[in-house]
Amino acid sequence: QVQLVESGGGSVQPGGSLRLSCQASGNIFSINNMGWYRQIPGQERDLVAVITSGGTTSYGDSVEGRFIISRDNAKNTVYLEMNSLAAEETAVYYCNVAQGCGPIKEYDYWGQGIQVTVSS
């Protein structure tokens, strides 16, 4: 079992920045991808960013160029730097970690979600 604890959420004004953190703990032995998703009220949960074990990053179209995902493998932690935030990006942000559970299989773990509110 792996537990994910998100932190760094809260309120920010439009155009502002915020950094989220997510630390994994528990039965950790083979973390693969780490990422962030968000669920805007009334919408589906969408991919925000993902980073591979080797450090390769990819982003959802709407955040490309504004958000930066990074990881610290020694701390089992993934970060999301969010810049130029807009009100419509108010959402619950979820951390996701994939851990290998076999030679060709992996299991996804999810954080409980953390609120980010963008308003003036």
Side-chain angles (χ1 to χ4, degrees):
Q1 183 76 286
V2 173
Q3 295 80 41
L4 307 179
V5 178
E6 299 124 326
S7 61
S11 297
V12 64
Q13 293 185 340
S17 298
L18 209 61
R19 191 179 82 149
L20 305 181
S21 300
C22 172
Q23 185 168 31
S25 62
N27 189 23
I28 299 171
F29 54 87
S30 183
I31 293 179
N32 297 324
N33 291 354
M34 306 180 81
W36 291 92
Y37 293 72
R38 69 185 178 190
Q39 188 162 21
I40 296 172
Q43 301 183 20
E44 297 180 343
R45 186 179 299 186
D46 293 327
L47 172 70
V48 176
V50 63
I51 183 168
T52 71
S53 60
T56 300
T57 61
S58 60
Y59 298 90
D61 290 342
S62 64
V63 308
E64 182 80 46
R66 295 188 297 115
F67 289 12
I68 301 172
I69 188 171
S70 60
R71 64 192 285 169
D72 185 335
N73 291 331
K75 297 180 179 179
N76 296 317
T77 300
V78 60
Y79 306 94
L80 183 68
E81 179 184 329
M82 304 181 291
N83 301 304
S84 300
L85 284 162
E88 55 266 32
E89 294 176 298
T90 292
V92 177
Y93 285 70
Y94 295 90
C95 178
N96 172 256
V97 169
Q99 178 163 256
C101 59
I104 58 172
K105 298 190 298 182
E106 64 181 21
Y107 190 87
D108 279 350
Y109 297 91
W110 293 89
Q112 79 283 357
I114 189 165
Q115 179 70 42
V116 171
T117 301
V118 186
S119 64
S120 59

Can you give each donor-acceptor pair under 3.5 Å made by side-chain atoms of residues 24-32, sequence neighbours left out, with the distance rounded to 0.1 Å?
from: Asn32; atom 1: ND2; to: Glu106; atom 2: OE1; distance (Å): 3.2

Inset, instruction - Would you please test Arg38 and Ser62 for side chain to side chain contact (heavy atoms under 4.5 Å, CB included) and show each step? - result: CA-CA 12 Å; Arg38 69 185 178 190; Ser62 64; 3.2 Å; yes
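Across every non-hydrogen atom of Pro41 and Ala91, the tightest pair is CD-CA, 4.3 Å. What you find for Ser70 and Ile51 is that their closest heavy atoms are CA-CD1, 3.9 Å. Of all non-hydrogen atoms in Asn83 and Ser17, the two that sit nearest each other are OD1-OG, 2.8 Å. The two atoms that bring Pro14 and Ser120 nearest to each other are CD-N, 3.6 Å, heavy atoms only. For the pair Val50 and Ser58, the tightest heavy-atom approach, listed with the atom from each and the gap, is CG1-OG, 2.7 Å.
Val63 has its side chain within reach of Glu89: a pair of non-hydrogen atoms, C-beta onward, lies under 4.5 Å apart. The side-chain heavy atoms of Ser21 and Lys75, taken from C-beta on, include no pair separated by under 4.5 Å. In this structure, the side chains of Met82 and Val116 come closer than 4.5 Å at one or more pairs of heavy atoms. Counting heavy atoms from C-beta on, the side chains of Cys95 and Val97 come closer than 4.5 Å. Using a 4.5 Å heavy-atom cutoff, the side chains of Cys22 and Glu6 are in contact.
Cluster annotation: Trp36 is not connected to Leu47 through the hydrophobic network of ILVMFWY side chains, with a link wherever side-chain heavy atoms come within less than 4.5 Å. There is a path of hydrophobic side-chain contacts, each under 4.5 Å, that joins Ile69 to Phe67. Hydrophobic clustering (ILVMFWY, side-chain heavy atoms < 4.5 Å, transitive): Leu80 and Ile114 are in one cluster. Side-chain heavy atoms closer than 4.5 Å link hydrophobic residues (I, L, V, M, F, W, Y) into clusters, and following such links, even through other members, never connects Tyr79 to Leu4. No path of Ile, Leu, Val, Met, Phe, Trp and Tyr side chains, each step under 4.5 Å between heavy atoms, connects Val48 with Val92, placing them in separate hydrophobic clusters.
Applying the side chain to side chain contact (heavy atoms under 4.5 Å, CB included) rule to Thr52 yields the partners Asn33, Thr56; only residues at least two apart in sequence or on another chain are considered. In this view, Glu64 and Tyr59 satisfy the side chain to side chain contact (heavy atoms under 4.5 Å, CB included) rule, not counting sequence neighbours. Checked against side chain to side chain donor-acceptor pair (under 3.5 Å), Gln115 has the following partners two or more places apart in sequence or in another chain: Thr117. Applying the side chain to side chain donor-acceptor pair (under 3.5 Å) test to Arg19 and every residue at least two apart in sequence or in another chain returns nothing.
No donor-acceptor pair closer than 3.5 Å links the side chain of Asn76 to the backbone N or O of Gln23. Counting only distance, with no hydrogens or angles, the side chain of Glu81 and the backbone of Ile68 share no donor-acceptor pair below 3.5 Å.
Listed by first and then second residue, the ring-ring contact (aromatic ring centres under 6.0 Å, His included) pairs involving residues 83-116 are Tyr37-Trp110, Tyr107-Tyr109 (not counting sequence neighbours).
By the neighbour-count criterion of 12 heavy atoms within 6.0 Å, atom CD of Gln43 is densely surrounded, having more than that number from other residues, nucleotides or ligands.
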